[in-house]
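Here is the structure we will look at, set down as structure tokens.
Below, read A as the first sequence line, B as the second, and so on, with proteins coming before strands; counting in each chain starts at 1.
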There are 2 protein chains.
Amino acid sequence: MKTREKIILSSLELFNERGERNVTTNHIAAHLAISPGNLYYHFRNKSDIIYEIFLEYEKLVDYYLDIPQDRSLTLEDLTFYLESVFDGLWSYRFFHRDLEYLLDSDPRLRKDYREFTNRCLAAISQIFEKMSEAGIIEPQPEELRSAMSLNVWLVITNWMAFLKTAHAADEPASLSLTELKQGIYQVLTLEIPYLTPAYRERVMELRERYRPSLPEPSGAVV
Amino acid sequence: MKTREKIILSSLELFNERGERNVTTNHIAAHLAISPGNLYYHFRNKSDIIYEIFLEYEKLVDYYLDIPQDRSLTLEDLTFYLESVFDGLWSYRFFHRDLEYLLDSDPRLRKDYREFTNRCLAAISQIFEKMSEAGIIEPQPEELRSAMSLNVWLVITNWMAFLKTAHAADEPASLSLTELKQGIYQVLTLEIPYLTPAYRERVMELRERYRPSLPEPSGAVV
DNA sequence: GTATTATTAGAGTATATACTCTAGGCAGTC
DNA sequence: GACTGCCTAGAGTATATACTCTAATAATAC
């Protein structure tokens, strides 16, 4: 593997594990057993590494959220979208953690991320539309659909932060993909009241599959 | 005003403006025109300042979310809760921005914040319960109510990050309390399907008051 | 083989950051 | 007026961090 690629992979790994703020370029070089000079031969600065990682993340999610226009959606499609999005969140989980700082330090990233968000929101809205076409949920006025899509986005992008901060374990790193996917349970909760009678039961079963196992982080009230 | 108190106020101000990560103890001292030594006479370290600020934040929100047990809730109560919570978020807006890092660097804060989250979730759930008692929303099973409460929490705590990252303006600081309160619109969106016929119209009017003015940040799809 | 280009090592640097240390001022009190 | 306790100044420090520079090595082209 090329050094450049190795740098990206290692950076992602370290960022995910320890948080971008806690990972220096020297750490990355040390982790790869290469010299700092070598790292800076391949990347002008830390921001550039992060930007490259973002481009990969963006590509992945755009790929997942490519909604077929020639056919209607099935429940399997919905499951795929949800699973994929949370897989993506997991693989690039450092990103949302320090998002604001990252966008403040790189105007390029800020612009791209803003457009990325808008694409995601449009995709979510489109999924809702096609779900109502498919008779899974009741049709909703445009305005409501777009507000709902935004809520879905907020729940998805904030679910990990919630887990990490509300988690009972004291070790911050102890977070699994399984727990992350309980976010799907939360997203499906948003859709419950809009389900058609024809699909209600099947979606509720789907949702049940992601129910947090006890002790659930949200339930335990002190 | 005592120096100690001035340090807390100035720190909060600077943290909110520039983000905790971009504000050093030296900045704080300089901003107050006191010496670093003086600052460290009053606080052992930066974490201690942040912890004190959190205690104030916690106290404020706990005060806002003190649900009266001897009477039922009105729409005015609901409005008050929503307005207050977003006021609180605004006043301590630096906090959620760097939350994960802050909790990782201070176990005391991690523990307290976890309990704080649980209290908030319990309060939201209680508000839902009392709203159904008051005939504002239809009663829901415990399980659904708790999942909904969590979604409300996720939307509330992530709304500001969304604004800051999806905002069209390039200046990161250009965010107003008014925009922040459009989060109320999003929260009320969550409740729409559960409204009773008796209250539906009034709540929809309330929601309308917080509708984002065009160009709305979420709507403009690229 | 030789010239050229791409890659790498590793020491080094300017700056920043959290925090320390010592000396001293000032207000009250006897 | 000197003692005491609280507060403050400001120079200083150890460490970290992002990044640079030079020289050497490996790969490739001719």
In whole Å, what is the span from the CG atom of A:Asn45 to the P atom of C:dA14?
20 Å

Are the aromatic ring centres of A:Phe116 and A:Tyr57 under 6.0 angstrom apart?
yes

Round to a whole Å and report the spacing from CZ of A:Arg21 to C1' of C:dA16.
14 Å

Closest to the B:Asn26 side chain: D:dA9, C:dT17, C:dA6?
C:dT17

Hey, does the side chain of A:Tyr41 come within less than 4.0 Å of C:dT7's phosphate (OP1/OP2), counting only N and O?
yes

State whether B:Arg145 and B:Glu142 are salt-bridged, where the test is any N-O pair (Lys NZ or Arg NE/NH1/NH2 against Asp/Glu carboxylate O) under 4.0 Å.
yes

B:Asp98 versus B:Glu20, closest heavy-atom pair with distance:
OD2-N, 3.6 Å

Short side-chain N/O contact from B:His27 to OP1 or OP2 of C:dA18, under 4.0 Å
no

When the distance from CD1 of A:Ile28 to C1' of D:dA18 is rounded to whole Å, what number comes out?
11 Å

State which of D:dG10, C:dT7, D:dA18 makes the closest approach to the side chain of A:His42.
C:dT7

Using the side-chain heavy atoms of B:Thr3, tell me which of these nucleotides is nearest: D:dC7, C:dT20, D:dA18.
D:dC7

Side chain of A:Tyr40 - closest among C:dA18, D:dT17, D:dT20:
D:dT20

So, is A:Asn38 close to the C:dT7 phosphate, meaning a side-chain N or O under 4.0 Å from OP1 or OP2?
no

If you compare every side-chain N and O of A:Ser35 against the phosphate oxygens of C:dA9 (OP1, OP2), does one of them come in below 4.0 Å?
yes

Starting at CD1 of B:Ile49 and ending at C1' of C:dC19, how long is that distance when rounded to a whole Å?
12 Å

Is the B:Tyr210 to B:Tyr185 ring centre distance short of 6.0 Å?
no

So what does B:Ala29 hit on the nucleic acid, given a heavy-atom distance under 4.0 Å: a base, only sugar-phosphate, or nothing?
nothing

Euclidean distance, atom CG of residue A:Asn22 to atom C1' of D:dT15 [Å, nearest integer]:
16 Å

Please confirm whether B:Arg108 makes a cation-pi placement over B:Tyr51, using NZ or CZ under 6.0 Å from the six-membered ring centre and within 45° of the ring normal.
yes

Counting the atoms with a prime plus P, OP1 and OP2 as sugar-phosphate, which does B:Leu39 contact under 4.0 Å by heavy atoms, base, sugar-phosphate, or nothing?
nothing

Let me know, please, whether A:Thr25 or B:Arg4 comes out on the 5' side of the other along DNA chain D by nearest nucleotide.
B:Arg4

